[in-house]
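In what follows, a single structure is set out as structure tokens and then discussed.
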Amino acid sequence: MPYINIKVTKEGVTKEQKQALISGATQLVVSVLNKVPSTTFVVIDEVDTDNWGIGYDQVSTLRAKK
């Protein structure tokens, strides 16, 4: 029973993109680990850029510098 947790910044990921991530991640564990798709769980967490840091800075600060 694989559990896959995908974390992305909350920056407009579409429903279609999320579906592609779910399908692709499930297919990967089916292909590599021979797991059953019906017992593979995929959870996508969208994290606000204020709550995601790289190095010393929040992603929101890094994005504003661009």
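Every residue meeting the side-chain hydrogen bond (donor to acceptor under 3.5 Å, both in side chains) condition with Gln19, not counting sequence neighbours, appears here in chain and number order: Ser23. With sequence neighbours left out, Lys65 forms a side-chain contact (heavy atoms from CB on, under 4.5 Å) with Asp57, Thr61.
Note on residues 28-42: pairs passing side-chain hydrogen bond (donor to acceptor under 3.5 Å, both in side chains), not counting sequence neighbours, are Gln27-Ser31.
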Could you pull out all donor-acceptor pairs under 3.5 Å where a side-chain atom in residues 45-54 meets a protein atom, sequence neighbours excluded?
from, atom 1, to, atom 2, distance (Å)
Asp45, OD2, Asn5, ND2, 3.0
Asp45, OD2, Lys7, NZ, 3.2
Glu46, OE1, Lys18, NZ, 2.9
Asp48, OD1, Asp50, N, 2.8
Asp50, OD1, Ser60, OG, 2.5

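Grouped with Leu33 in one hydrophobic cluster are Ile4, Ile6, Val8, Val13, Leu21, Ile22, Leu28, Val29, Val32, Val42, Ile44, the linkage being side-chain heavy-atom contacts under 4.5 Å among Ile, Leu, Val, Met, Phe, Trp and Tyr residues. Other cluster members for Val43: Met1, Tyr3, Phe41, joined by side-chain heavy-atom distances under 4.5 Å among Ile, Leu, Val, Met, Phe, Trp and Tyr.
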